[in-house]
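The block underneath contains the structure these notes are about, expressed in structure tokens.
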Amino acid sequence: MSEDPTRLKAADLITAIKRAGIRFIVALPDRTTSEHLLKPMMQDPELRVVQICKEDEGVSICSGLYAAGQRSLLLMQYTGLLDSVNALRGVAVEGQNPVCMMVGLLNKEPGVPPTQSKRYGVRIVAPVLDAMEIEHHWIEAPQDITTIVPAIDRAYARLLPVVMLIGREPI
């Protein structure tokens with residue numbers, strides 16, 4: 001059985017994350033990214049994984065890592081992002097901390113833009129980020145991976161958060 005060339009590959013995501021200088025992964029396991037993305041990250045000697053209990057803790061931990069001169073990525077599900085809006089507002093946006101997030105869009109239909117999803121929670125993520133003026137990118141196909149490094153670099157240059165919305169479980 002051959003691999004689907006249109007599917008997002010976790011190994012390619014990890015390579016891009018490391019190329020962006022990320023060395024710390026702050027994560028709360030989610031059903032979209034855990035199996036093929038988080039588990040390999042935990043085995044990668046170039047990455048340090050910090051597991052957390054609540055997503056808003058991750059916003060503060062990533063900000064603290066930035067203050068210590070480290071680049072980090074917060075890995076979570078969209079429900080946790082929505083739960084963390086106040087922490088993002090205060091710590092990341094108003095505090096001018098480059099919190100970089102990779103957010104799984106659980107049960108989003110493949111190929112359907114998040115704002116057109118039948119799932120209400122998925123559908124409101126981008127408008128919430130727009131209202132907060134947080135840069136975000138939809139990552140669902142192999143060609144989308146090229147946006148990761150520049151987006152993370154921009155976040156650190158501008159001292160503002162960025163979100164990569166993972167629209168489909170990577171393989």
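Bear in mind that the values here come from a model prediction, so they are computed numbers and not experimental data. Basis for what follows: all heavy atoms, side chains included, without hydrogens, waters or symmetry-related copies.
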Quick one: side chains of residues 44-51, donor-acceptor pairs under 3.5 Å with protein atoms, not counting sequence neighbours, listed by atom name and distance.
residue	atom	partner	partner atom	Å
D44	OD1	E46	N	2.8
D44	OD2	K18	NZ	2.7

On a heavy-atom basis, which atom in [X] and which in [Y] lie closest, and how many Å separate them?
X: M76; Y: G80; value: SD-C, 3.9 Å
X: Y78; Y: G121; value: CE1-C, 3.4 Å
X: I145; Y: A16; value: CG2-CB, 3.7 Å
X: L105; Y: P114; value: CD1-CG, 3.7 Å

Going by the rule salt bridge (Lys or Arg N to Asp or Glu O under 4.0 Å), which residues pair with [X] if we only count those two or more places apart in sequence or in a different chain?
X: R89; value: E94
X: D83; value: K54
X: E169; value: none

Donor-acceptor contact below 3.5 Å, side chain [X] vs main chain [Y]:
X: D12; Y: K9; value: no
X: E133; Y: L129; value: no
X: T147; Y: D144; value: yes

Kindly indicate whether the side chain of [X], heavy atoms from C-beta on, has any atom under 4.5 Å from the side chain of [Y].
X: Q77; Y: T33; value: no
X: V59; Y: V26; value: no
X: I124; Y: L82; value: yes
X: L37; Y: L75; value: yes
X: T115; Y: V125; value: no
X: R123; Y: Q116; value: no
X: F24; Y: L73; value: no

Practice problem: Please check if atom CD in Q143 has more than 12 non-hydrogen atoms from other residues, nucleotides or ligands closer than 6.0 Å. | Solution: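 Correct, the count exceeds 12.
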
Exercise. Using the side-chain hydrogen bond (donor to acceptor under 3.5 Å, both in side chains) rule, pick out the option among E35, Q43, H36 that qualifies with K39.
Key: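 Answer after filtering E35, Q43, H36: E35.
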
[X]-[Y] co-clustered via ILVMFWY side chain contacts under 4.5 Å:
X: M42; Y: I22; answer: yes
X: I52; Y: V103; answer: yes
X: I25; Y: L28; answer: no
X: V112; Y: W138; answer: no

Quiz item: Which distance, rounded to the nearest 0.5 Å, do you find between the CZ of R19 and the CD1 of I14?
Solution: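 Rounded to the nearest 0.5 Å, the CZ-CD1 separation comes out at 13.0 Å.
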
Let me check something: any side-chain donor-acceptor pairs from residues 95-102 under 3.5 Å, sequence neighbours excluded? List them with distances.
residue	atom	partner	partner atom	Å
N97	ND2	V91	O	2.9
N97	ND2	G95	O	3.4

Quiz prompt | Working for side-chain contact (heavy atoms from CB on, under 4.5 Å), residues L8 and E140 | solution = CA-CA 6 Å; L8 194 59; E140 185 162 319; 5.6 Å; no

Please set out all donor-acceptor pairs under 3.5 angstrom arising from side-chain atoms of residues 148-166, sequence neighbours excluded.
residue	atom	partner	partner atom	Å
D153	OD1	R71	NH1	2.9
R154	NE	E135	OE1	3.4
R154	NE	E135	OE2	3.1
R154	NH2	E135	OE2	2.5
Y156	OH	S72	N	3.2
R158	NH1	E135	OE1	3.0

Quiz prompt | side-chain contact (heavy atoms from CB on, under 4.5 Å) between L106 and K108, intermediate numbers included | solution = CA-CA 6 Å; L106 179 66; K108 189 195 78 56; over 6 Å; no

